[in-house]
**Q** 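So that we are looking at the same thing, I have put the structure below in structure tokens.
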Amino acid sequence: MVTVAELVGAQTRRAGVGLLGPAGVRYQHAEIAARAASRAALFRRRHRTGIEPHIGILADNGDEFVFWLEAAALAGAALVGVNPTRRGAELARDIRHAECELLVTSRSYLPLLAGAGLGPGSDGHGPPLLVMDEPGYREALAPFEGVAPEEVDPVAPVTEDTRMLLYFTSGSTGAPKAVTCGQGRLAAAGTMMADRFGLSASDVCYIPMPMFHGNAILANWGPALVAGAAVALRDRFSASGFLPDVRAYQATYFTYVGRAISYILATPEHPDDARNTLRAGFGTEAGPVDRDRFERRFGCHLSEGYGASEGGINIVAPRSFPASVLARGAAVGRADETLSIVDPETGAPCPPGTFDSAGRLLNGADAIGELVRTGPGAFTGYWKNPAADAERYSDGRYHSGDLFYADTDGWLYFAARKADRMRVDGENISVALLEAILARWEPVEAVAAYAVPDEVTGDAVMCVLVLRQGSAFDAAAFAKFLAAQADLGTKMAPRFVRIAETLVTTATEKVSRYALREQGWWDVGEDAVWTRPGRELVYEVLAADQ
């Protein structure tokens, strides 16, 4: 199996532009590899025996992020992507837990580090800093300019099992955990994605999502490195900057996560939006309605896939689904012999779903269970978190932590994250299906559904709606809409409806249902909340003292 270090070495033999960065910077493939080699040599000089070779990087997407990513591969080190939206003790915890031997950052983030007790003057409690936009940075690199990739002396032999990345989970359902990823897994993921989308040296892979997260590296930078394609970077995601970037870079491929597609679709529409070079996009959580709108507006097909940062299960959705499958909900693909759905409490297999003529799941209480895989897949564990390892992989099975149901033909339908499970009057509710239904209401721009405590037992259904500009919440119209949805289960109608300006999201634009559950209906600031006090579809404003 090829390593990432070998792919970086091959970059020296490629002609053409390999990196297009913010502010118009351009680098040839060979120049990228050379700059990576100088940084790898610098790290090798500073590395101390007995210390984990972990290079933290706290920075926006930019050329230095790419240089250090490739430098880590050459040096046999692991790059730790540090989430800049974390603050104080949480940020310090991430950096210390990952045992960063060195931290590469920029002047703009020094106050953030100071606030976490890790910046200059922190009495040696944090890792040494390299500040990339200060004069001392160039001085530190100067002795290593001209070092070739093949001349780098790695801190340890580089193999497919050499740890290459430590990246934190998104934190959408709880505290982030540091996932480990080896060079072989990253190279294999890049090869698979490059093959799937037919990427070549003529492509430009646009990365609008943060590179401290696995999506941008495994599904975008890695495939570009394998294919010899150019990488184009946006420093931070911008919905309004998406199409101008695509046109300026002549981008042909991009990746996304979370609400990114919804935000792009919320930008003003123009008749010539389809005049662009995009031919493929890949990501998660866009939803079938938004994917269809995006393809019609921008002329670019979006492919979805199911997977998590851990890599234990990855399902690639087909380009199209049978009509009967589409009618049933959030299908992600078909199960193979390694996948099954089990009861989260007992581990017993769940029966397949049964559906009515409208595609509505009739036996959710029994059919919805956790998706598991025989064997660990690509999961190699969390960094120094044995309790989380055991929860994820035990008894020879990898536990996805996600709830699904299946039909008799083996098609898999996403229901919810396990932590987002809703059980109403003894019935398991599919969050994904409910959100897909609510998204059909014309005034809705974005939606999230989640569980809040029921006053008697179990869960009550709550949702937050972000309405299109110029729209107002009409309780009677909303109730009429719900009543007309043939696939809305008898337990699915929201008890509480929150009207908000925006959704609470993580740094990777994933909806943070964890935060929404914590706010419930009782801590929503100035947002209005409507409630359905009885069984009828009648909503009234929730009084402030309720």
Side-chain angles (χ1 to χ4, degrees), residues 170-175 258-259 285 287 329-330 344-345 361 364-365 368-370 401-403 414-441 443-467 473 475 478-479 481-483 485 488-506 510-546:
S170 64
S172 58
T173 57
R259 306 299 307 180
E285 303 179 51
E345 307 299 330
L361 180 67
I368 295 177
E370 184 179 16
D402 292 332
L403 300 179
F414 180 76
R417 303 295 183 190
K418 191 175 177 181
D420 297 330
R421 181 182 185 184
M422 285 197 286
R423 191 167 177 85
V424 180
D425 292 341
E427 181 174 328
N428 291 326
I429 301 299
S430 169
V431 173
L433 179 56
L434 175 56
E435 289 180 345
I437 292 171
L438 296 175
R440 299 172 192 157
W441 195 37
V444 168
E445 183 66 57
V447 60
Y450 48 99
V452 291
D454 183 82
E455 64 270 20
V456 178
T457 185
D459 300 320
V461 179
M462 185 166 181
C463 71
V464 56
L465 303 179
V466 177
L467 303 181
F473 183 70
F478 180 66
F481 160 79
L482 292 178
Q485 306 310 301
L488 185 78
T490 58
K491 312 292 186 183
M492 293 172 70
R495 174 91 64 83
F496 300 97
V497 180
R498 173 181 174 181
I499 307 302
E501 291 290 328
T502 186
L503 297 179
V504 181
T505 59
T506 68
K510 292 185 177 181
V511 175
S512 179
R513 291 183 182 81
Y514 176 80
L516 290 170
R517 288 196 304 270
E518 291 293 301
Q519 295 169 352
W521 67 82
W522 54 86
D523 186 21
V524 298
E526 299 298 317
D527 292 349
V529 176
W530 297 70
T531 184
R532 179 172 57 85
R535 292 184 177 274
E536 300 299 318
L537 286 176
V538 177
Y539 288 89
E540 58 188 43
V541 175
L542 187 69
D545 59 348
Q546 286 184 263

**Q** If every non-hydrogen atom of V524 is compared with every non-hydrogen atom of Q519, which pair is closest and at what distance?
**A** CG1-O, 4.4 Å
**Q** Going by heavy atoms in the side chains, are M492 and Q485 under 4.5 Å from each other?
**A** no
**Q** When you compare the side chain of C463 with that of L465, does any pair of heavy atoms fall below 4.5 Å?
**A** yes
**Q** Supply the atom-to-atom distance L433 CG to I368 CD1, rounded to the nearest 0.5 angstrom.
**A** 8.5 Å
**Q** Would you please name every residue forming a side chain to side chain donor-acceptor pair (under 3.5 Å) with D459, sequence neighbours left out?
**A** none
**Q** Quick check against the 3.5 Å criterion: does R532 have a side-chain atom that pairs as donor or acceptor with the backbone of P494?
**A** yes
**Q** Does L438 reach the side chain of F478, with side-chain heavy atoms less than 4.5 Å apart?
**A** yes
**Q** Determine the minimum heavy-atom distance between A479 and L537, stating which atoms define it.
**A** CB-O, 3.1 Å
**Q** Among all residues two or more places apart in sequence or in another chain, which pass the side-chain contact (heavy atoms from CB on, under 4.5 Å) test with A475?
**A** F473, W530, Y539
**Q** Test of understanding: with side-chain contact (heavy atoms from CB on, under 4.5 Å), list the residues that count as partners of A448, not counting sequence neighbours.
**A** E435, V464, L503, V511, L516
**Q** Between A449 and M422, what is the shortest heavy-atom contact and its length?
**A** CB-CE, 4.5 Å
**Q** Can you tell me how far apart CZ (R535) and OG1 (T490) are? Round to the nearest 0.5 Å.
**A** 9.0 Å
**Q** What pairs with E501 under side-chain contact (heavy atoms from CB on, under 4.5 Å), at least two apart in sequence or on another chain?
**A** none
**Q** Could you walk me through whether W441 and V447 pass side chain to side chain contact (heavy atoms under 4.5 Å, CB included), step by step?
**A** CA-CA 10 Å; W441 195 37; V447 60; over 6 Å; no
**Q** Search all heavy atoms of P453 against all heavy atoms of W522 and return the closest pair with its distance.
**A** CD-CH2, 4.1 Å
**Q** Going by the rule side-chain contact (heavy atoms from CB on, under 4.5 Å), which residues pair with A460 if we only count those two or more places apart in sequence or in a different chain?
**A** V452, D454, R495, F496
**Q** Restricting to side chain to side chain donor-acceptor pair (under 3.5 Å), what partner residues turn up for E518, sequence neighbours left out?
**A** none
**Q** Would you please name every residue forming a salt bridge (charged side-chain N to carboxylate O under 4.0 Å, His left out) with E536, sequence neighbours left out?
**A** none
